[in-house]
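The structure appears right after this line, and notes come after that.
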Amino acid sequence: MKKQYQSEEEFLKDYDPKAFDQLSMTADILLISVSSEEQSNYRKNSKKRMSILLVKRDDFPYKNKWCLPGGFLDPKIETLEECAKRVLKRETNLSNIYLEQLYTFDGIHRDPRMRVVSTAYIALVDKNRLTDMINPNACFFDVVLLEEKDQVVNIVLDNGTETLHLAIKKILREQTTDRYRFESLKQNVLAFDHDLVILAGLERLKNKVNYTDIVFNMMPEYFTLGELQQVYEVILNKKLLDPAFRRIIKDKVVKTDKMKTGEGHRPSYLFRYKKKED
C-alpha cells in the first residue's frame, strides 16, 4: 500500500533519488562566424565564408574525431545556459556574445557511455574577435551547403587541411508546421550526433535572418553594404538582387561619415547597425 504523506518535508525525508533512472546532461555550442577569404587579386572583393568551430577529441569515445565544443552540466551549481557560457569561455576566451538555445537532442544511443541528453546552443561572433584566442585543439571549418536533393542535405566542412562530408536526411514530421526530424546518412564523421546539431543550427539561422536582426552579431562595428550583402547571401545560400537587399536592410543600418579605402576599390561609405535606441 502506498504511503500517505502529511507534508512535503515528510515526503522528502523518505525520498530516494536512486529509485529513478539517472541521466547526464550536456551543453553543446554551435559557434558560427562569417569572415573574408583572402583573394590573390587585390581588385576583387573578398569572398565571404561561413565557418563553425570544431574541437578534436583527445579521449574515447570518438577519440580523434571532430565535434562541437561541449561539456557536462554540473547540476549542483549551474544552469544549462551557464554551462554553455562556461564551455564558450573555455574554448574561445570570449564572453558576452550572442547565445541562443537551439534544441534538445535526446537520441537514446547518441552517447555510447551512458544516457546523455544535450541541449544545443547557437553562438554568433565576428571571427576577427577570435585572433589567437581559441584553444590549440579547436579549429574553424568553412561550411559549404550543397544543393538539397530528395530531402537530403549535403554539407562540406573544410579547414584547409581536412575535409569532412556530411549527409543528412530531412524527414517531415508535421505537415501543418513544416517541421522535420533529421537522420544522419554518414555515421561517425563527427562525434555523437553533432552533424544533426549543425544542420538544425544552420536552418535556424537561415530562417531568423529573414525576420530578425540576428546577422549583425557576426558583423564588425562598421561595414560596407556590399560586405553585409555577402553575409546575407552566405547564410541564405543564394544571390540577392541589389534593390531587394537594400529594401531588406534600409531600416536596419545607419550611414556614417567613415569611408573604406584601399584594396584597389573605389572608396565606400561605412555603415553601422541601427540600434533600437537610435
Would Leu124 and Ile97 satisfy side-chain contact (heavy atoms from CB on, under 4.5 Å), going step by step from the backbone distance to the final call? CA-CA 7 Å; Leu124 305 177; Ile97 66 173; over 6 Å; no
Between [X] and [Y] (side chain of the first, backbone of the second, donor and acceptor by atom type, cut-off under 3.5 Å), is there such a pair?
{"X": "Gln187", "Y": "Ser184", "answer": "yes"}
{"X": "Arg90", "Y": "Gly70", "answer": "yes"}
{"X": "Arg204", "Y": "Leu102", "answer": "yes"}
{"X": "Glu78", "Y": "Asp74", "answer": "yes"}
{"X": "Asp111", "Y": "Arg113", "answer": "yes"}
{"X": "Gln230", "Y": "Lys48", "answer": "yes"}
{"X": "Arg49", "Y": "Phe141", "answer": "no"}
{"X": "Gln101", "Y": "Thr119", "answer": "no"}
{"X": "Thr256", "Y": "Leu270", "answer": "yes"}
{"X": "Lys169", "Y": "Leu185", "answer": "no"}

Of Asp193, Ile171, Ile168, which meets side-chain contact (heavy atoms from CB on, under 4.5 Å) against Glu183? Ile171
As a test of understanding, state which of Asn137, Asp28, Val87 forms a side-chain contact (heavy atoms from CB on, under 4.5 Å) with Pro69. Val87
Please step through ring-ring contact (aromatic ring centres under 6.0 Å, His included) for the pair Tyr180 and Phe182, ending with a clear verdict. CA-CA 6 Å; Tyr180 292 85; Phe182 301 146; 7.3 Å; no
Cluster question for you: counting only ILVMFWY and a side-chain heavy-atom cut-off of under 4.5 Å, with indirect links fine, are [X] and [Y] together?
{"X": "Leu157", "Y": "Val152", "result": "no"}
{"X": "Val55", "Y": "Leu166", "result": "no"}
{"X": "Leu30", "Y": "Ile235", "result": "yes"}
{"X": "Val34", "Y": "Ile122", "result": "yes"}
{"X": "Leu73", "Y": "Val116", "result": "no"}

Classify the ring geometry between Phe192 and His194 as parallel (under 30°), tilted (30 to 60°) or perpendicular (over 60°). tilted
Should the ring pair Phe216 and Phe223 be called parallel, tilted or perpendicular, given that the plane angle runs from 0 to 90° and is split at 30 and 60? tilted
Any ion pair linking Arg179 and Glu174 (charged N to carboxylate O, less than 4.0 Å)? yes
Salt-bridge criterion met for Lys13 and Glu9 (N-O under 4.0 Å): no
Salt bridge (charged side-chain N to carboxylate O under 4.0 Å, His left out) evaluation trace for Glu81 with Lys85: CA-CA 6 Å; Glu81 185 169 327; Lys85 290 179 178 179; 3.4 Å; yes
List in chain and number order the residues that pass side-chain hydrogen bond (donor to acceptor under 3.5 Å, both in side chains) with Asp59, two or more places apart in sequence or in another chain; answer none if no residue qualifies. none
Tell me, please, which residues at least two apart from Tyr269 pass side-chain hydrogen bond (donor to acceptor under 3.5 Å, both in side chains). none
Determine which pairs satisfy ring pair (Phe, Tyr, Trp, His ring centres under 6.0 Å) with at least one residue from residues 225-255, sequence neighbours left out, and list them in order. Tyr232-Phe245
